[in-house]
Amino acid sequence: MPRSSFSPKPKCSPIWLICILLGLSAVHTHGKDVPTVPQQVSLSPNLETQQLTLSWLGGESTTFDIMILRTELNETVFYETVSVTADKISGQHQWNWTSVEPLECTSLSVQIRSRDGQTTSDWSDTHILPGMDLPSNKDSQMFPQDRVVSVGTNTTFCCIVEEGLGFGSIRYRDLVMNVTRLSRRSYAMTQINQGPSGVTGTNVFCSSDEKTLLNGAVVFVGYPPLPSDLVCETHDLVSAVCQWNRGRDTHLYGKKRKTYYTLNGRDCTEANQNQKWSACSLAQWDGNFTLVARNLLGQYSLTDSSELSLRVRPVAPANLTSVVRAWNATLLWQWKHRGYDSLALICQVELTSHWHTTTRTFSGVGLRSVIVLDLRPDEDYSIKVRCGVQQNFWNWGDWSGPLAFRTSIDIPDAPDVWMWIERDNTGRLMWKPLTHRESHGQITGYEVTLWSPDENIQHTETLPQSICTVPINLTHISTTGSSSNKVIATVIAKNAAGVSPPASIVMPLRWTDIDPPAVSRTAYMDGGFPLSWQSDANASCGYVVEWHDASCQQDCAVEWIKVAAENTNISAQSENFQPGVRYTLSLYSCSSEVPQLLQRWEGYMEELVPSSSVPHLSSNQQDSNIKLSWGEIPLVSRRGFLLGYHIYLNNGSQLMLLANVSDPTSRSYTVKGLPVGSYKFTVKAYTSAGEDTGATVSISLESYTDWLILEMLASLGTMTCFLVLVTFICYKKRKWVKKAFYPDIPEPKLAGDWSRTQGPLDVKPSPHSMVHIVEEPEWDSSKEALVVIPEEDEDEDETGDEPVDTDEPTSLRYYNQVIDDRPIRPRFPDSSASSASSLDSARTDVTYTGIQTSGNSLGFQLQPQGSSEGQQPQIDVPASCVDGGGGYRPQMQPGSLSQDMGLPAPQAFSEPQPTKGASFGGYQPQCSWHLDSPVEAEESGGLAPSLGSPTSVASTQFLLPDSGSKEQPEGKGQGSSSATTWFHNLLSSAKP
Amino acid sequence: MPNVNLSNHLIQTHLLISSWSYNRKKESLSPDLTVADGRLVTVPPPSSQLDTRDKLWRLHSALLQCRSLLERAITKEEEELGGAEKGDYQSQRKTVRDRLSLLLANTGELLKATDGTAVLTPSLEGLEIDGPTILFEVKLWIYRIFKELDYWTKTAITTLQGLPSVTAKERGRTTAVRRRRSTRR
């Protein structure tokens, strides 16, 4: 249409233009069909739910814009487009809006307009929901009041300040909250995620700027009910009683807020609010049960269903009575409901006596009496009963009220009898006082009878009930004619019901000093002394274990226990055991005869440290030592098995352990090695529990000079005795010694007849071979050497020779004692020519042997260099040596010596010369036993080669060491020289 | 001597009330907030002109109103909180009520002793005996009742401690008048 209104012609008349515009305007007006403005707007507040219900007449529109403002401050609270259909009957539109703040907090202005797409009607008139902050309400107020909300929800509170006062704060409990101003006098705050409140609710306080309390509100934050475990049962076989668990605390209290319960629609007013379990009854068993729990926050339902016969729980037995006897009682009761008469019941009887409870079970149809057996006479009992159904047992019924009764009295049990006999033949007959359980009634007294079986003499004595031991003079009995060595004692207890069976024991008439078996130790454990023993064939009626304080001497407190014959171990227990007391435990066999001691133990309940220290501690100086002595600790003070003693050196501030004497029987200890001074010693005995406080003794240790002198004298005396002994032995065995160490020089072995008497042989030097003693001015006379003088030199020798000693004979003297038949070999084979010539000329075969004494050896004391330089040896030559020295010497002439002497080198020396040292070693006395070791060999230096020939040629004798050897220490050489001289003299004196 | 015992008893009662005093802490009422006084007990204003009997009567009347208010408060608490309060609070509340009854009996006896006539029961008209219905106001109301109790037990201590001197003076005056009369005779 509009298109058709437009003309392409450029030239149009004004009239046509106006017509076109009017037409377009009309078309436009007709196409946009404006919605109607909502009419009859009404506001309907629900203050509890803070819900505002808006209703209006809005024509055919289904979409509306709704705007809600806080009237005073003209703040928009809500502005949205909502779809609302009109009620078909009334044609009204209705829409609900829930305010965050309570509707009383401030006035709200509401406007509505219809919308059709983008087309809206005009806004309706403003409708105001008046708040409580109107000037007409001058007082301070707070909203909401007494609100009940669920845990975790948010609640907004507003405070309207009293007219004329200034706002201060809003506190949730004691917490100041952030507030929003809603109007001139109204302020709001929101508490989010509220926790459960206390029993009187949660307080919200509104105060003025002067901190004066203006108003407040209480909010209850809790939970809806959540019961569980609904169970219904019957007690009377008709009605139903249902129980349930109330579940979690709702935190809602008071009439208005508490949880209400209904069972199958019936109010359960009797349900206890403060118990975890609640119960409710129905007059008739319904089979199906529904419990509804309800409070202001919600409700919860539980169901249960069952047949009546499966849920029978009997009521408590009523009117409990008893018929009591000594050893049993008949218990009777009644049932409140007749239906129980035909009901098979099972009942429990709970019996309590002396805080000990036992339960016995009985059953029967309509059970209403039972006989309770195994009671004890004269005993107090408390008894109660409960029952359940035998078939389809559901649960035990309630216990009846307790019934107390006391059983009748009966004759007492036989007393437990034992005896105690002292060394002086006085004895005691003892028995244990009967306990309440054994006496079966008040004991009125005892009757004791002594009966000698051989003589058939009987003596009876009645004793009051307070007596439980009787002294018996066994000596008196034995001297009054009894030929037997035993007496039978019998004890009878009496009460109002009669007398007990007799208790007997056989007592010996005299104390027998039987050696006790080996006493062993027993350790207390688990409240007693564990004892075990070998079974004894004589113990026909068992055993008796008896114990008492080991330190007790007279009238000892004795305890005992009787053990059956089949038992061979027991734990001896007593309330009277004391720590630190030694107990002696004895085992006796029980028979028709006198009890026999079988075994004995001793032990402590608990070992303690000794209560007293060692007595009579004393100290004595013994030589340079200190002897500590002490006495024995009395048994009563030991309080444990002594393990030993600790010896301490007490230096005032601390104790230093010197020794641990682990032998408890030891009574002394010697402290050694202490220097002179004052000392304090502490001795402490110890047990497994520790050591005692200790006894201390002081002593001053003085020097012991006498002992030193004695010691020296003793040493000297011992040495003297030793020397005398050695001398004596040597004297007595001088032959053997001489033979072993200093045999006689054998006679030369001579060819031909040398049968002449032994004696010195004066030899004239052969003209062809003569031995000439040459005195070399550079040599000591002792260093004479046998020199083979060639014939051609004889003259020269004669002219130039000077005798060594004018007293010396010019001839040579030999001992021609033949000691060996073996052929003599020349020492130097190369010199055999000269030797042979010498022998040949004399026709003699002379063996030059001899012990080279110190003097001789000194004669061979060669000075490798010094001697050639004119140093004379400073050694005297003994006369004997001089006498003998004129004899032959071993053939040894060092080359150097020959040279020094100006002698031409003989053929004998044509052989390669040994080293200087070796050659000077020559024949040495036999000292090879000194040079066995390589070390000594080294020490001997150049003498080593001589070791290869320890003896002179064909000599069977030892050669003594060359004491004059330069390599030997001077002192040693002198010592051995003097010793050998002495030895030589000794041996010489032994010669015949 | 009875007055001394009564005075001690009063002091103990007052201490009990003071320590209990509706337990601000339990209700999270911050100590820095002040609660406006709202007098619940109405008696003639104190005056130096009042004689011993009038003072006792005024005290007795106030305590009577206190007991009525306390009983109502207990009832109201039971209604609103339904046994939620347990243990110490309930036992203390009962003790305060019993001691207040004893105090009333004692002041009644004193009143009798003062003029020998029967004690007139003070009127409870105008007393806000029903109490509020909003729970916060109930709490505030109970708080004020205990404030009144606190105030009037304190007043009772003062009043009773002043009694011996007053009675002694009055006895002295009476004795002097009698002597004068006997002298004139």
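Hydrogens, waters and symmetry mates are skipped; everything else that's a heavy atom, side chains included, is used. Please read all numbers here as calculations on a predicted model, not as lab measurements.
Residue-level contacts of residues 162-198 of chain A with chain B, in order of numbering, are A:R171, A:R173, A:D174; threshold 4.5 Å between heavy atoms.
With contacts defined as side-chain heavy-atom distances shorter than 4.5 Å, the pair A:Q145/B:F136 qualifies. In this structure the side chain of A:N215 never reaches within 4.5 angstrom of the side chain of B:L140, judged on heavy atoms.
The CG atom of A:D146 sits 6.5 Å away from the CD1 atom of B:I134 when rounded to the nearest 0.5 Å. In this structure, CG in A:L213 is found 11.0 Å from CG in B:D32, a value given to the nearest 0.5 Å. For the atom pair CZ of A:F205 and CG of B:L29, the computed distance is 4.5 Å after rounding to the nearest 0.5 Å.
A donor-acceptor pair is defined here as one N or O able to donate and one able to accept, closer than 3.5 Å; such a pair exists between the side chain of B:K139 and the backbone of A:T200. Distance alone, capped at 3.5 Å, is enough to place a donor-acceptor pair between the B:T34 side chain and the A:K211 backbone.
Closest heavy-atom contact between B:E80 and A:R257: O-NH2, 2.6 Å.
Residues passing the side chain to side chain contact (heavy atoms under 4.5 Å, CB included) test with A:T303, sequence neighbours excluded: A:T290.
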